[in-house]
Amino acid sequence: MIDAHVHLWNRATDPQPWIDPTTMAAIDRDFTPGDLERMLDSAGVDAAVVVQASNSAAETRRLLAHPSPRIAGVVGWTDLTADVAAQLDGLDPASRRRLVGIRHLVHIDPDPDWLARPDVGRALDQLGARDLGFDLVVRWWQLPLAATVVAAHPGVRFVVDHLGGIAESDDEAGWEAGWEAGLRELACRPNTFAKISGLAGLVNGGDGARLRRVVDVALDAFGPERLMYGSDWPLAELGAGAVAWRRAVDELVGELSPAERQSIMSGAASVLYGLGG
């Protein structure tokens, strides 16, 4: 079992100013590798991929330095508008082996066309040459741009975090008209995967039917071989919680074959991030 999307943070070194202490009280604290291990034990998960929470090279170095055997890999950050090779080569060689991918917070970048920048495109190809994947964290209305970028870089493995941010939209018309079409367009590219993550808020929010529709679309578009389980812990605690989310996903994929469930729960993540070998 691999949880393909978790976060760790120590706010003394890596502030998280987006956390509102009133509406996000459940995550208004630090989260350590020890906390992660306890969550994984409770959810019945063996290991996790830790994903950057800020566009910070220093944060990435700290994540790579964590010695926990339950951390299968780290999706870090590097400045894709600068010299990527120099930045990656500057990492400690021992910890660099734990780097399995790169992410940039595209969904909140001030430049709405950041993904389409020529220097970012050249950097993406360098990631592909180094066998590093790229996590796409985008809003649902950014999916067409993401699809264009993915098509232009067939040698790069991409993964769409949180199924394209659909949980953040209450616009049913937008979901029908934009999200599904955008996700399906991305799924047409064989170098693209997606994470069933960032949706724990739909479990106890009275949106069970919507959650089922979303996951059914993803299963039809990507197939189990390109979908992976992720809790988005600790943000999952703002919704049903990581343990309840694991149970919900088990139910959502319960009618699949054992091999298909295994792909979602570990196989796809192992392929995308080069884990387990």
Side-chain angles (χ1 to χ4, degrees), residues 1-7 48-49 51-52 72-73 75 100-107 115 124 127-128 132-151 153-154 156-169 174-175 178-203 210-233 235-236 245-246 248-250 252-253 256 260-275:
M1 270 293 302
I2 298 172
D3 185 332
H5 202 102
V6 304
H7 303 285
V49 174
V51 180
Q52 57 91 234
V75 174
V100 298
I102 295 295
R103 188 174 82 152
H104 179 82
L105 301 179
V106 175
H107 64 314
L115 266 177
L124 288 172
L127 297 184
L132 292 171
F134 186 76
D135 272 50
L136 286 162
V137 54
V138 295
R139 308 294 191 194
W140 67 267
W141 58 86
Q142 295 174 302
L143 292 172
L145 173 61
T148 299
V149 172
V150 166
H153 302 280
V156 183
R157 295 190 306 275
F158 293 87
V159 58
V160 184
D161 292 349
H162 315 327
L163 295 185
I166 185 60
E168 300 166 357
S169 171
W175 181 83
W179 172 79
E180 181 175 350
L183 196 73
R184 288 186 181 278
E185 185 179 3
L186 273 166
C188 289
R189 303 295 172 176
N191 57 324
T192 310
F193 294 67
K195 293 181 184 178
I196 305 175
S197 62
L199 301 168
L202 299 183
V203 174
R210 188 185 197 197
L211 176 60
R212 167 59 70 181
R213 292 200 307 275
V214 165
V215 173
D216 283 350
V217 167
L219 280 167
D220 183 62
F222 286 92
E225 67 280 359
R226 288 192 288 143
L227 283 177
M228 62 194 73
Y229 164 80
S231 66
D232 196 25
W233 176 90
L235 280 80
W245 174 242
R246 164 71 201 277
V249 174
D250 282 343
L252 288 164
V253 303
L256 301 179
E260 290 171 331
R261 292 196 300 272
Q262 179 68 16
S263 180
I264 291 172
M265 294 301 186
S266 68
S270 295
V271 170
L272 175 74
Y273 292 126
L275 307 177

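For the numbers below, each heavy atom of this structure counts, side chains included, while hydrogens, waters and symmetry mates do not.
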If we only count heavy atoms from C-beta on, is the [X] to [Y] side-chain gap below 4.5 Å?
X: L275; Y: V49; result: yes
X: F134; Y: V149; result: no
X: I264; Y: L256; result: yes
X: V249; Y: M265; result: yes
X: Y229; Y: R246; result: yes
X: R157; Y: L127; result: no
X: R226; Y: V271; result: no
X: L183; Y: F222; result: yes

Identify the heavy atoms of [X] and [Y] that sit nearest to each other, and give their distance.
X: A4; Y: A269; answer: CB-CB, 4.2 Å
X: S270; Y: I2; answer: OG-CD1, 3.5 Å
X: H5; Y: V51; answer: ND1-CG2, 3.7 Å
X: V203; Y: A248; answer: CG2-CB, 3.9 Å
X: A194; Y: L163; answer: CB-CD2, 3.9 Å

Say you draw a straight line from [atom1] of [X] to [atom2] of [Y]; how long is it, rounded to the nearest 0.5 Å?
X: L219; Y: L252; atom1: CG; atom2: CG; value: 8.5 Å
X: E260; Y: L227; atom1: CD; atom2: CG; value: 10.5 Å
X: R210; Y: L202; atom1: CZ; atom2: CG; value: 6.5 Å

Checklist entry - Is there a side-chain contact (heavy atoms from CB on, under 4.5 Å) between L272 and V100 once you walk through the steps? => result CA-CA 9 Å; L272 175 74; V100 298; over 6 Å; no

Checking [X] side chain against [Y] main chain: does a donor-acceptor pair fall under 3.5 Å?
X: D3; Y: S231; result: yes
X: D135; Y: D161; result: no
X: W245; Y: G230; result: yes
X: W179; Y: V214; result: no
X: R103; Y: Q52; result: yes
X: T192; Y: C188; result: no

Next on the checklist: Using side-chain contact (heavy atoms from CB on, under 4.5 Å), reason through E180 and R213 one step at a time and then give a plain yes or no.
Outcome noted: CA-CA 10 Å; E180 181 175 350; R213 292 200 307 275; over 6 Å; no

Checklist entry - Under a 4.0 Å N-O cut-off, is there an ion pair linking D232 with K195? => result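 No, D232 and K195 are not salt-bridged.
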
Next on the checklist: Less than 4.0 angstrom from a charged side-chain N to a carboxylate O is my criterion; do R261 and D250 meet it?
Outcome noted: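 No, R261 and D250 are not salt-bridged.
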
Checklist entry - Which of parallel (below 30°), tilted (30 to 60°) and perpendicular (above 60°) describes H153 and F158? => result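 Rings of H153 and F158: tilted, 30 to 60°.
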
Next on the checklist: Is there a side-chain contact (heavy atoms from CB on, under 4.5 Å) between L199 and H162? Walk through the geometry before answering.
Outcome noted: CA-CA 7 Å; L199 301 168; H162 315 327; 5.8 Å; no

Next on the checklist: Is there a side-chain contact (heavy atoms from CB on, under 4.5 Å) between V150 and L136? Walk through the geometry before answering.
Outcome noted: CA-CA 10 Å; V150 166; L136 286 162; 3.9 Å; yes

